[in-house]
Amino acid sequence: MFQQHKVKLIVAAVLFYFILIIANLPASQVINRVPLPSNVSIQGVSGTLWNGQINSVTVNGLQVKSVDWALSASALLLGKVSLVVHAGNAKRPDEIAFNGNVAASLVNLNVSVENAKLY
């Protein structure tokens, strides 16, 4: 009986440890391991996987500055990726800006954008 209690306690501690690691996973560790196309470059990644920032993203020579995101953990439990993304500055006419919700289904690989503004 005491042995079973020890095993349950150890399993719970290891599970809690992995949850803490994932909750505090640095975004730079994930993004540096993702293969990007040759026409995409990213500079200045900070924050966590759940709430992060990128100083600059360049795609085909177009630069987007100050990209912030918030990833919903609850949506992942349903097999979806749900991001709230803010990028650029809409008040500056020389910058590209985007604000909106981006969702992707991991089951049927659909991507959708809702309530988005692109400047």
Side-chain angles (χ1 to χ4, degrees):
M1 178 94 143
F2 183 69
Q3 193 72 358
Q4 281 183 334
H5 181 65
K6 272 175 117 176
V7 170
K8 288 180 183 179
L9 187 61
I10 290 171
V11 169
V14 169
L15 183 63
F16 183 69
Y17 176 73
F18 281 119
I19 289 171
L20 285 177
I21 287 175
I22 292 171
N24 295 307
L25 186 63
S28 60
Q29 293 294 321
V30 175
I31 290 178
N32 290 337
R33 286 175 170 70
V34 173
L36 297 173
S38 60
N39 61 338
V40 176
S41 67
I42 297 174
Q43 291 85 30
V45 180
S46 61
T48 66
L49 181 61
W50 310 102
N51 290 305
Q53 303 83 31
I54 298 175
N55 288 341
S56 172
V57 177
T58 306
V59 179
N60 289 333
L62 296 172
Q63 185 179 38
V64 180
K65 297 178 183 176
S66 301
V67 179
D68 300 327
W69 71 86
L71 177 63
S72 172
S74 60
L76 285 175
L77 296 175
L78 300 173
K80 298 177 182 176
V81 176
S82 179
L83 291 165
V84 176
V85 180
H86 302 284
N89 185 351
K91 295 179 181 178
R92 301 206 47 195
D94 58 333
E95 286 188 20
I96 297 173
F98 175 85
N99 291 320
N101 302 326
V102 179
S105 173
L106 300 174
V107 177
N108 56 10
L109 301 176
N110 287 337
V111 177
S112 64
V113 178
E114 297 176 358
N115 300 327
K117 295 180 182 176
L118 178 64
Y119 300 98

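Quick caveat, the model's predicted, so the values are computed rather than measured. Computation of the quantities below employed the complete heavy-atom set of this structure, encompassing side-chain atoms and omitting hydrogens, waters and symmetry-equivalent molecules.
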Query raised in the report: What heavy-atom pair brings N51 and A70 nearest, and what distance separates the two atoms?
Result: OD1-CB, 3.3 Å
**Report entry** Co-members of I19 in a cluster of I, L, V, M, F, W and Y side chains, linked at under 4.5 Å
**Finding:** L15
Report task. Kindly give the heavy-atom pair with the smallest separation between A90 and A97, and that separation in Å. Result -> N-CB, 3.6 Å
Query raised in the report: How far does CG of D68 sit from CG of N99, to the nearest 0.5 angstrom?
Result: 9.5 Å
Report task. Work out which heavy atom in A87 is nearest to a heavy atom in V67; give both atom names and the distance. Result -> CB-CG2, 3.8 Å
Query raised in the report: Can you tell me how far the CG atom of L9 sits from the CD atom of Q4, to the nearest 0.5 Å?
Result: 13.5 Å
Query raised in the report: OG of S28 to CD of Q53: how many Å apart, nearest 0.5 Å?
Result: 11.0 Å
Query raised in the report: If only atom types and distance count, is the side chain of W69 paired as donor or acceptor with the main-chain N or O of L49 below 3.5 Å?
Result: yes
Requested in this report: Give a yes or no on whether Y17 and W50 share a hydrophobic cluster (residues Ile, Leu, Val, Met, Phe, Trp, Tyr; joining criterion: side-chain heavy atoms under 4.5 Å apart).
Outcome: no
Report task. Any chance you could measure I42, atom CD1, to I31, atom CD1, to the nearest 0.5 Å? Result -> 5.0 Å
Requested in this report: Looking only at non-hydrogen atoms, find the nearest pair between A116 and F98 and report the distance.
Outcome: CB-CE1, 3.7 Å
Query raised in the report: Side-chain contact, heavy-atom cut-off 4.5 Å: L118 with I96?
Result: yes
Report summary line: For Q43 and I54 the tightest heavy-atom approach is O-CG2, 3.5 Å
Query raised in the report: Atom CD of Q63 and atom CG of N55: how far apart are they, to the nearest 0.5 Å?
Result: 10.0 Å
